[in-house]
Amino acid sequence: MERKVGQLTMELDLIKTPTSAPNIGDAELVAIIEEIRNELSCYEYRRETRELNRRGHLVNHKRVARVVRANQLGIKPRKWYVRTMDSRHDHTSTRSCTAT
């Protein structure tokens, strides 16, 4: 009985595993990633991996990260600046800094 349960469990595991899609080349992967970037510009490699898997291309997140890094496809970081003065105050004039 235990042998039969083990055999059925193994068969069930084989059924659950997804069949692998044909392996796509890096050039084709770059073209698909650029297409995703045109549609969804804020996606980084993690989201792109999920989107690629949704579209039927079974790729690993590490491969997507490597291809993105090798082809300089990373998203550009936002420029941050430091506000040194609050110009949205309700004073109408400023005081002079000279001593009288």
(Q) In the structure I gave you, are the side-chain heavy atoms of V67 and V59 within less than 4.5 Å of one another anywhere? (A)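 No, too far: nothing below the 4.5 Å cut-off.
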Spacing of [X] atom [atom1] and [Y] atom [atom2] [to the nearest 0.5 Å]:
X   : Y   : atom1 : atom2 : answer
E48 : R46 : CD    : CZ    : 11.0 Å
T49 : E51 : OG1   : CD    : 10.5 Å
H57 : I32 : NE2   : CD1   : 3.5 Å
H61 : E44 : NE2   : CD    : 11.5 Å

Q: Show your working on side chain to side chain contact (heavy atoms under 4.5 Å, CB included) between I33 and N71 and close with a plain yes or no.
A: CA-CA 11 Å; I33 289 173; N71 293 297; over 6 Å; no
Q.
Run the side-chain hydrogen bond (donor to acceptor under 3.5 Å, both in side chains) test against E39 and tell me which residues pass, sequence neighbours left out.
A.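 Testing E39 for side-chain hydrogen bond (donor to acceptor under 3.5 Å, both in side chains), a comparison that skips the adjacent residues, returns R55.
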Q | Under the side-chain hydrogen bond (donor to acceptor under 3.5 Å, both in side chains) test, residues paired with E34 that sit two or more places apart | A |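 Partners of E34 under the side-chain hydrogen bond (donor to acceptor under 3.5 Å, both in side chains) test: none.
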**Q.** Nearest heavy atoms of Y43 and I36, plus distance in Å
**A.**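 Looking at all heavy atoms of both residues, the closest pair is CD2-CG2, 4.2 Å.
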**Q.** Set of residues satisfying side chain to side chain contact (heavy atoms under 4.5 Å, CB included) with respect to R66, sequence neighbours excluded
**A.**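 Testing R66 for side chain to side chain contact (heavy atoms under 4.5 Å, CB included), a comparison that skips the adjacent residues, returns D26, R63, R69.
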